[in-house]
Structures are given as structure tokens and as C-alpha cells.
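Every chain is numbered from 1 and lettered A, B, ... according to where its sequence line falls, protein lines coming before strand lines.
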Amino acid sequence: MPELPEVEITRLSFADRIEGGRVTGVRVGKPLRWPLGCDAASLLAQTVGAARRRGKYLWLPLQHGGLLLHLGMSGSIAYHPEPALPPGGAHDHFDLQTTRGSLRLTDPRRFGAVVWSPAPDEGPAAKLLAGLGLEPFDTAFTGDYLHAALRRRRVAVKQALLAGDIVVGAGNIYACEALFRAGIDPRTRSDRLSRPRCERLAQAVREVLAQALSLGGSTLRDFRDAHGMAGRFQLQAGVYGREGQACGRCAGPVRRIVQGQRSTFFCAACQRR
DNA sequence: CATAGCTCCTGACCGC
DNA sequence: TGCGGTCAGGAGCTAT
């Protein structure tokens with residue numbers, strides 16, 4: 001499912017090419033998580049700006065406002081350089097055609113979203129982006145920061161990472177992988193993590209996301225970038241999706257538990273409370 | 001305020 | 001082969 005690396009790779013795959021294009025057509029398919037929030041025709045003739053990312057959201061600026069995009073868990077965005085877009089399939093729910101190519105959002109499960117907003121810090125976008133935690137590659141995301149934030153929580157550290165209001169970008173896969181890398185038991189109460197362990201964890205989060213980014217994103221589930229290329233992160237997964245298999249570090253069995261209705265994979269020997 | 005549970009949706013998978 | 005049931009999960013929302 002698209003987490004920060006996948007979303008960033010998606011952004012990089014089309015941002016430069018569509019920037020400066022003028023909107024020539026908009027097609028809205030089945031409803032996504034929220035309504036578009038504007039008349040599709042009102043987007044016509046506007047010039048597209050430089051796409052940005054915040055957490056797992058993308059912001060596509062237009063002359064008057066912009067579009068906030070989210071891939072949910074099964075969404076992907078394809079960039080088509082040709083002027084005309086092929087007919088939309090059953091899961092193609094949003095097209096944006098421009099003079100510099102088109103974007104097509106495909107999302108079988110429709111947890112994704114395309115929402116118009118007058119600005120990223122106004123209207124619906126502001127509401128959705130408010131409360132997001134630090135970007136993992138922000139220099140402010142340090143062990144000290146993580147320690148201070150986790151001290152106020154009693155939930156398991158895995159759930160605190162997933163919540164996205166401390167640090168954004170790590171979804172279920174990368175939260176599991178970061179905790180494995182940091183040697184921390186995902187069940188550990190957030191407020192029981194020492195400062196040094198928070199330092200390790202912050203570093204692990206940065207590293208696992210950076211590595212996934214450099215490898216082109218995860219193919220777990222159905223991620224494809226705008227060129228339809230599959231990522232290769234799954235080849236590196238230490239614990240995610242490996243229940244019962246041997247941990248690569250100690251050869252012990254990888255365990256699967258459920259936390260907050262989500263699967264967590266970890267090695268009980270390598271990851272300590 | 002922190003937390004738990006619910007919810008949206010459909011492809012994949014499983015047992016019969 | 002077909003069919004019903006179950007699961008997966010991002011993240012906002014509601015209730016506690």
C-alpha cells in the first residue's frame with residue numbers, strides 16, 4: 001500500500017512533466033473517499049504548478065487553489081504524456097488532462113481522494129493536513145523530539161508510529177520494519193522507551209523510508225508508480241508479511257500479532273521491550 | 001486530551 | 001468451477 005516512499009515516487013514521476021500544463025479536461029469516475037468539492041469544469045484552463053508532498057498527501061497547485069490527492073491503500077497515479085487519455089477502466093476514478101500530459105488516478109478500493117481546496121492551508125486541505133506530525137526527513141525529527149512525543153502516550157509504540165501525528169509517512173509495513181531495525185518490541189508502551197532507544201527508532205524510521213525510496217517503493221499489495229513500474233522493497237522486508245519464516249538476523253520465527261486491528265510482524269528475540 | 005472502535009471498499013484467498 | 005466468508009488496511013470520525 002502506498003506509504004511515504006510510494007507517494008514520493010509517484011510525485012517525482014509526474015511533477016516535472018506536468019508542471020506548466022494547462023488543464024484541458026477533467027473526468028470524475030466513481031466516488032472516492034470525499035467529493036471533489038468543486039465543479040470539474042471550473043478547473044479547465046488553469047495552469048498546473050509544482051506538485052508537493054505532505055505525509056502521504058500530494059498537493060497539486062492550480063492557479064486558483066489546487067487538488068489534494070491521497071492514494072488510500074490501493075490507489076496509484078499514472079502519468080500519460082500523450083495528449084489523449086485511453087478510455088477509463090472500472091477503477092479509474094479521476095483524470096486530469098493537460099497540455100503537458102495527463103494524470104489518471106486508479107483506485108480499486110476507493111479509499112483514496114481528490115479534493116479541491118483554495119489553498120493547502122485553507123478549506124478542506126487545511127483540515128486534512130492539520131495535525132500531521134513531522135516529516136521523517138525534517139531535521140527537527142530527532143530522537144529527542146520522538147522521546148518527548150512518545151512520553152505523552154501510553155499506546156504501544158507501533159500504534160504511536162502509525163497514528164501519523166508524531167511523524168508521518170510510516171504505514172503498517174514501514175512501521176514494522178523500522179521497529180525491527182531498531183530492535184524494539186512493537187508492543188512496548190510508548191512512554192517506556194528510553195531516550196537512546198528513541199534515537200535509534202528515529203534513525204530507523206528515516207533509514208527504512210530512505211531505503212524504500214531509493215529502491216523505488218514497495219510492491220506489497222498493488223503499488224505501481226506513474227510508469228507502471230513495480231518497486232522492489234519487498235525483497236528487503238525483514239519481518240513484514242513473513243509470519244513463521246526465519247528472522248534474517250537470528251533465524252528465530254517471525255511472529256504476527258494484531259494491534260489496533262492491524263497486523264504487526266516482529267521477531268520476539270531481536271526486538272525487546 | 002488520549003485512546004478504542006468503526007467505517008469506507010473490493011481483490012485475494014480459503015474451505016467446501 | 002462456483003460460492004460464501006474472511007481479511008487487509010489509511011486515516012478520519014465518533015464515542016468514551
Side-chain angles (χ1 to χ4, degrees), chain A residues 1-8 10 28-37 53-59 68-77 88-94 105-115 117 123-136 146 148-178 186-193 205 209 212 217-224 230 233-234 237 239-244 256-265:
Chain A
M1 61 297 310
E3 301 183 26
L4 184 147
E6 292 77 19
V7 175
E8 179 63 7
T10 297
V28 177
K30 283 191 188 174
L32 293 166
R33 183 163 189 182
W34 298 292
L36 179 58
R53 181 190 56 76
R54 176 74 175 98
K56 298 172 191 171
Y57 286 96
L58 291 176
W59 172 253
L68 192 69
L69 309 163
H70 198 288
L71 299 179
M73 62 161 292
S74 60
S76 62
I77 293 174
H91 302 309
D92 299 329
H93 304 305
F94 184 79
L105 175 74
T106 302
D107 186 2
R109 283 169 229 184
R110 293 194 276 130
F111 283 11
V114 181
V115 178
S117 198
K127 198 173 174 189
L128 293 168
L129 299 176
L132 290 188
L134 288 180
E135 287 289 328
L146 187 57
L150 290 178
R151 274 178 65 182
R152 291 179 226 117
R153 310 287 176 95
R154 305 172 66 144
V155 286
V157 61
K158 156 82 175 336
Q159 290 172 266
L161 281 183
L162 269 188
D165 53 353
I166 295 175
V167 60
V168 295
N172 207 34
I173 298 174
Y174 299 121
C176 289
E177 294 300 320
R187 299 166 296 184
T188 310
R189 260 177 58 158
S190 298
D191 60 357
R192 299 269 172 83
L193 273 179
V205 168
L209 293 176
S218 167
T219 69
L220 295 172
R221 299 293 179 271
D222 26 30
F223 175 71
R224 292 288 186 280
F233 182 79
Q234 66 176 359
V239 287
Y240 188 86
R242 303 192 57 223
E243 180 181 17
R256 185 184 84 93
I257 58 174
V258 174
Q259 296 180 287
Q261 346 247 63
R262 296 284 179 288
S263 285
T264 298
F265 297 88

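- When rounded to the nearest whole Å, the span between CG of A:Leu161 and C1' of C:dG10 equals 15 Å.
- In terms of modelled atom types and a separation under 3.5 Å, the side chain of A:Arg110 and the main chain of A:Pro31 share a donor-acceptor contact.
- The side chain of A:Gln261 sits closest to B:dG5 out of C:dA8, B:dG11, B:dG5.
- Between A:Tyr57 and A:Leu132, some side-chain heavy-atom pair lies under the 4.5 Å cut-off.
- For the pair A:Glu177 (side chain) and A:Tyr240 (backbone), a donor-acceptor distance under 3.5 Å is present.
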Measure all distances between protein nitrogen or oxygen atoms and nitrogen or oxygen atoms of nucleotides 12-16 of chain C, and list the pairs falling under 3.5 Å.
from, atom 1, to, atom 2, distance (Å)
C:dG12, OP1, A:Tyr57, OH, 2.6
C:dG12, O4', A:Arg33, NH2, 2.9

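- On a pure distance criterion of 3.5 Å, no polar donor-acceptor pair joins the side chain of A:Arg109 and the base of C:dG10.
- The aromatic ring of A:Phe111 does not sit over the base of C:dA11, since the test of centres under 5.5 Å and planes under 30° is not met.
- Nearest to the side-chain atoms of A:Arg110 among the listed nucleotides C:dA8, C:dG10, B:dT10 stands B:dT10.
- For the pair A:Leu162 CG and B:dG5 P, the interatomic distance rounds to 15 Å; values are reported in whole Å.
- Counting heavy atoms from C-beta on, the side chains of A:His91 and A:Lys30 never come closer than 4.5 Å.
- What separates CG of A:Leu4 from C1' of C:dG9 is a distance of 17 Å, to the nearest Å.
- Here A:Ser263 reaches the OP1 or OP2 of C:dA8: one of its side-chain N or O atoms lies under 4.0 Å away.
- The interatomic distance linking A:His91 (NE2) with B:dC9 (P) rounds to 14 Å, in whole Å.
- One can place CD1 of A:Ile257 at 13 Å from P of C:dA8, the figure rounded to the nearest angstrom.
- When each of C:dG10, C:dG9, B:dG11 is scored by its nearest atom to the side-chain atoms of A:Pro108, the top-ranked nucleotide is B:dG11.
- One can place CE of A:Met73 at 10 Å from C1' of C:dC7, the figure rounded to the nearest angstrom.
- The backbone N or O of A:Ala160 sits nowhere less than 3.5 Å from a side-chain atom of A:Ser190 that would complete a donor-acceptor pair.
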Between the protein and nucleotides 2-4 of chain B, which nitrogen or oxygen pairs come in under 3.5 angstrom?
from, atom 1, to, atom 2, distance (Å)
B:dT3, OP1, A:Arg154, N, 2.3
B:dT3, OP1, A:Val155, N, 3.0

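- For CZ of A:Arg151, the number of neighbouring non-hydrogen atoms (other residues, nucleotides, ligands) closer than 6.0 Å is 12 at most.
- Here the side chain of A:Gln259 pairs no donor or acceptor atom with the backbone of A:Ala156 at under 3.5 angstrom.
- Looking at A:Glu3, its side chain never comes within 3.5 Å of a backbone N or O of A:Lys56 through a donor-acceptor pair.
- For C:dG9, one of the phosphate oxygens OP1 or OP2 lies less than 4.0 angstrom from a side-chain nitrogen or oxygen of A:Tyr240.
- No donor-acceptor pair closer than 3.5 Å links the side chain of A:Thr106 to the backbone N or O of A:Ser76.
- A:Val168 has its side chain within reach of A:Arg54: a pair of non-hydrogen atoms, C-beta onward, lies under 4.5 Å apart.
- Look at CZ on A:Arg151: it is 19 Å from P on B:dC1, rounded to the nearest Å.
- Looking at heavy-atom distances under 4.0 Å, A:Arg256 makes contact with sugar-phosphate atoms alone, never a base.
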